[in-house]
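Here the structure comes first, spelled out in structure tokens, and everything after it is commentary.
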Amino acid sequence: MIGRLNHVAIVVPDLAAAAATYRQTLGATVSAPEDLPDHGVTTVFVELPNTKIELLHPLGEGSAIQTFLDRNPSGGLHHICYEVEDIIAARDALKASGARVLGDGEPKPGAHGKPVLFLHPKDFAGTLVELEQA
Ligand code: CO
């Protein structure tokens, strides 16, 4: 069912500093910050030859990313995103096999404007999993 690794997401306490680390220290191509109010985050994407790194910082009140930063003040690994061809078919198959889909279970536009869903970490080896329709 799952296809390519689309990105790995890391929560960072200072988006500009993290972007500079990836750009200057690690020599990667780094996007401009983008606000995603529906998700309560500002994102920066780091382009790698085979995948991307999504740097996440809280945006607005009640961001789940703020809760994560409160628990992990220096930041940390947040989720991994796999591509699927058909997100509704993937969701229905996962739910039928007992996996829990977070939120209301309906795909929302993600960081690339494509539909995404999140799966419960307890069902996937303690890792928050994002599915993105490729
Ligand atoms: Co993501």
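What you see below is based on every heavy atom in this structure, not just the backbone, and it leaves out hydrogens, waters and symmetry mates. Atoms within each ligand, like the ligands themselves, are counted from 1 in listed order.
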Please find out if the Co ion (ligand 1) and some N, O or S atom of C81 are separated by less than 2.8 Å. no
With the Co ion (ligand 1) as the point of reference, which N/O/S atom of E130 is the closest? OE1
Counting N and O atoms only, with roles assigned by atom type, does the side chain of D104 sit under 3.5 Å from a partner on the main chain of E106, one being a donor and the other an acceptor? yes
Spatial distance of atom CG (L56) from atom NE2 (H78) [nearest 0.5 Å]: 6.5 Å
Does any part of the side chain of I10, heavy atoms only, come nearer than 4.5 Å to the side chain of Y22, both counted from C-beta? yes
Is E132 close enough that one of its N/O/S atoms sits under 2.8 Å from the Co ion (ligand 1)? no
From K114, H112, R4, residue fulfilling side chain to side chain donor-acceptor pair (under 3.5 Å) relative to E132: H112
Do T127 and P121 have side chains that approach each other closer than 4.5 Å (heavy atoms only, starting at C-beta)? no
Could you identify the N, O or S atom of E54 positioned closest to the Co ion (ligand 1)? OE1
N/O/S of H79 less than 2.8 Å from the Co ion (ligand 1)? yes
